[in-house]
Amino acid sequence: MKTRLYVYTGTGNSLWVARQLASELKRASVEFMPCPKKPFKVQAEAVGIIFPVHIWGLPSRVIQFANHLKVKPGTYFFAVAVNAGQPAATLLQLQRLMAACGLSLSLGYSIVLPSNYIPWGGPGPMDAQQKLFQEARAKVKAVAGAVLSRERHKVERGPLWQNIFFSLLYKLSFRQVRKMDKKLWADEKCNSCGICALVCPAANIEMIKKKPAWLHRCEQCLACLQWCPQEAIQYGEKTVTYQRYHHPEVTLKDMLEQAKGKQV
Ligand SMILES: Cc1cc2nc3c(=O)[nH]c(=O)nc-3n(C[C@H](O)[C@H](O)[C@H](O)COP(=O)(O)O)c2cc1C
Ligand code: SF4
Ligand code: SF4
């Protein structure tokens, strides 16, 4: 396979970007990003890393993945940080981390899609979402063009103040992420279907007495909350009335494959 795209997703935005990109690149496969604990060998001419921005930086899984990558010399790397308008210095963080592992990130693009971070409110009105999908399609074509001609550019980033201030907040909050599931809870609408436990990529939910219990090794992807068919999972006190979101072209089946570590 000429290009391998590794994707991590909570609500399908990054998976949708990866699939769009794969169809532009033609000879490309899309694979869910593992969370390796030992060297992870990848054979490809080019490798793409596609993931959501979490708290102005890299999700822990992306760090784990990049730290364990083993490739043949000369492998071409590119990344897409999918976000809701504040990528901050996430791609710089990835570039530096990869450089420390002897890998060179040649391209890093930000693609803005509707927000799945429910504490910020919902994903926004439908027409605004449609506009983002349209802009994202155009940007994917540009990314594919740059990848096909093996370009190298500065990675995209937010304004300087964001990169300084938000990167600091990222550093302060990173260690707390595992325990942020303390704010997640299931209300009386829960019908014990167990989908939240099945969809969690971190195996962080156990059904205890027919209700989900969170085990404090959370990645904060919010898949459990956003994919609960009853909209029974809340984050703190305010989310009862907030609209849920997942990408309209991504299905629960796709998400279950990710959680099972299966191929896309
Ligand atoms: C815990 C968390 C933190 C987030 N932090 C940011 C952020 O710092 N900047 C941003 O633009 N979007 C942020 N988002 C929004 C996601 O990056 C965005 O909605 C993305 O498209 C989700 O992609 P996915 O569906 O592939 O998970 C955050 C989302 C979550 C769940
Ligand atoms: S997915 Fe929702 S309804 Fe199903 S067990 Fe989890 S919280 Fe309850
Ligand atoms: S518990 Fe929910 S938010 Fe945490 S990793 Fe699992 S699915 Fe994602």
Side-chain angles (χ1 to χ4, degrees), residues 7-19 32-33 35 50-62 80-90 110-124 129 132-133 136 158 162 165-167 169-170 173-174 176-235 244-250 252 254-255 258-259:
V7 64
Y8 174 55
T9 189
T11 49
N13 283 348
S14 305
L15 179 56
W16 179 77
V17 167
R19 284 176 168 161
F32 286 118
M33 193 181 296
C35 199
I50 300 155
F51 59 92
V53 172
H54 280 177
I55 323 182
W56 305 292
L58 295 174
S60 57
R61 180 174 296 248
V62 180
V80 180
V82 181
N83 66 91
Q86 294 186 352
T90 305
S110 150
I111 290 189
V112 179
L113 281 171
S115 173
N116 68 354
Y117 190 58
I118 200 159
W120 283 352
Q129 290 185 40
L132 291 177
F133 296 140
Q162 263 191 24
F165 181 61
F166 287 157
S167 300
L169 291 183
Y170 171 84
S173 60
F174 186 73
Q176 317 304 321
V177 168
R178 284 166 69 87
K179 291 186 180 165
M180 282 183 188
D181 59 6
K182 285 182 180 164
K183 287 198 165 183
L184 293 167
W185 56 285
D187 68 20
E188 69 293 341
K189 296 194 291 300
C190 172
N191 65 3
S192 311
C193 70
I195 285 173
C196 50
L198 294 174
V199 87
C200 174
N204 184 43
I205 300 177
E206 209 177 307
M207 293 301 287
I208 298 178
K209 294 188 184 157
K210 298 190 174 177
K211 295 288 169 216
W214 284 265
L215 306 176
H216 312 316
R217 47 174 188 251
C218 184
E219 297 179 8
Q220 278 288 294
C221 68
L222 293 187
C224 53
L225 180 150
Q226 300 284 11
W227 290 94
C228 167
Q230 306 303 319
E231 303 192 358
I233 300 184
Q234 310 300 336
Y235 188 94
R244 269 43 181 178
Y245 172 79
H246 62 76
H247 193 284
E249 291 171 31
V250 171
L252 176 62
D254 293 322
M255 298 302 300
Q258 170 175 254

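In listed order, ligands and their atoms are each counted from 1. Only this structure's heavy atoms are used, side chains among them; waters, hydrogens and symmetry mates stay out.
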> Of all the non-hydrogen atoms in the protein, which one sits nearest to atom 15 (C) of ligand 1, and at what distance?
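Heavy-atom neighbour on the protein nearest atom 15 (C) of ligand 1: N116 OD1, 3.5 Å.
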
> Could you confirm whether C228 has any N/O/S atom lying under 2.8 Å from atom 4 (Fe) of ligand 2?
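No - counting backbone and side chain alike, C228 has no N, O or S atom under 2.8 Å.
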
> Identify, for atom 25 (O) of ligand 1, the protein heavy atom at the shortest distance, and state residue, atom and that distance.
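Going atom by atom, the protein heavy atom closest to atom 25 (O) of ligand 1 ends up being T11 OG1, 2.5 Å.
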
> Run the side chain to side chain contact (heavy atoms under 4.5 Å, CB included) test on T9 and Q258 for me, step by step, so that the C-alpha distance in whole Å, both residues' side-chain angles and the decisive distance to 0.1 Å come before the verdict.
CA-CA 8 Å; T9 189; Q258 170 175 254; 3.7 Å; yes

> Checking the N or O distance criterion of under 3.5 Å, is ligand 1 in contact with L15?
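By distance alone, the answer is no.
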
> Are Y245 and Q129 linked by a side-chain donor-acceptor pair shorter than 3.5 Å?
no

> Specify the protein heavy atom at minimum distance from atom 3 (S) of ligand 3: its residue, its atom name, and the distance to 0.1 Å.
L222 N, 3.2 Å

> Within 2.8 Å of atom 4 (Fe) of ligand 3, is there any N, O or S atom belonging to C218?
yes

> Does one side chain, of N13 or N116, offer a donor that lies under 3.5 Å from an acceptor on the other?
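No, no side-chain donor-acceptor contact under 3.5 Å.
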
> Enumerate the atoms of ligand 1 whose separation from the nearest heavy atom of V82 is less than 4.0 angstrom.
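Counting atoms of ligand 1 from 1, those under 4.0 Å from V82 are 17 (O), 20 (C), 21 (O).
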
> Please list, in number order, the atoms of ligand 1 under 4.0 Å from a heavy atom of L222.
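Every atom of ligand 1 under 4.0 Å from some heavy atom of L222: 31 (C).
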
> Consider ligand 3: state whether an atom of it lies below 4.0 angstrom from any non-hydrogen atom of D181.
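D181: no contact with ligand 3 (<4.0 Å).
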
> Within the 4.0 Å heavy-atom shell around T9, which atoms of ligand 1 are there?
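Counting atoms of ligand 1 from 1, those under 4.0 Å from T9 are 24 (P), 25 (O), 26 (O), 27 (O).
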
> For atom 6 (Fe) of ligand 2, state which one of C224, C196, P212 supplies the nearest heavy atom.
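It is C196 that holds the nearest heavy atom.
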
> Show the atoms of ligand 3 that are less than 4.0 angstrom away from any heavy atom in C200.
1 (S), 5 (S), 6 (Fe), 7 (S)

> N13 versus ligand 1: do any nitrogen or oxygen atoms come within less than 3.5 Å of each other?
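Among all N and O atoms of N13, at least one is under 3.5 Å from an N or O of ligand 1.
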
> Who's the nearest protein heavy-atom neighbour of atom 27 (O) of ligand 1, and how far?
G10 N, 2.7 Å

> Who's the nearest protein heavy-atom neighbour of atom 23 (O) of ligand 1, and how far?
P52 CB, 3.4 Å

> If you have a sec, work out which protein heavy atom is nearest atom 12 (N) of ligand 1 and how many Å separate them, to one decimal?
A84 N, 3.2 Å

> Minimum heavy-atom separation for K210 and S192, please, with both atom names.
O-OG, 2.7 Å

> If the cut-off is 4.0 Å to any non-hydrogen atom of N191, which atoms of ligand 2 fall inside it?
3 (S), 4 (Fe), 8 (Fe)

> What residue and heavy atom of the protein are closest to atom 7 (S) of ligand 2, and at what distance?
I233 CG1, 3.5 Å

> Decide whether an N or O pair under 3.5 Å exists between I55 and ligand 1.
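In this structure, I55 places an N or O atom under 3.5 Å from an N or O of ligand 1.
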
> Looking only at protein heavy atoms, identify the closest one to atom 1 (C) of ligand 1 and say how far it is in Å.
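Answer, as residue, atom name and distance: Q220 O, 3.3 Å.
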
> Got an N/O contact under 3.5 Å between Y117 and ligand 1?
no

> Identify the protein heavy atom lying closest to atom 8 (O) of ligand 1, giving its residue, its atom name and the separation to 0.1 Å.
W56 N, 2.6 Å

> If you count the atoms of ligand 3 from 1 in the order shown, which ones are under 4.0 Å from a heavy atom of W214?
1 (S)

> Any idea which part of K211 is under 4.0 Å from ligand 2, heavy-atom wise: side chain, backbone, both or neither?
neither

> Looking at every heavy atom in both N204 and R217, which two are closest together, and how far apart are they?
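Smallest heavy-atom distance, with atoms named: OD1-N, 2.9 Å.
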
> Between ligand 1 and G57, is the shortest N or O to N or O distance under 3.5 Å?
no

> Give the residue, atom name and distance (to 0.1 Å) of the protein heavy atom nearest atom 4 (Fe) of ligand 2.
C193 SG, 2.3 Å

> Hey, which atoms in ligand 2 end up nearer than 4.0 Å to a heavy atom of M207?
5 (S)

> Atom 5 (S) of ligand 2: which protein heavy atom is closest, and how many Å away?
G194 N, 3.2 Å

> Among all protein heavy atoms, pick the one closest to atom 28 (C) of ligand 1 and tell me residue, atom and distance.
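The closest heavy atom on the protein side is V53 O, 3.3 Å.
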
> How far is atom 8 (Fe) of ligand 2 from the closest protein heavy atom, and which atom is that?
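Nearest neighbour among protein heavy atoms for atom 8 (Fe) of ligand 2, to 0.1 Å: C190 SG, 2.3 Å.
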
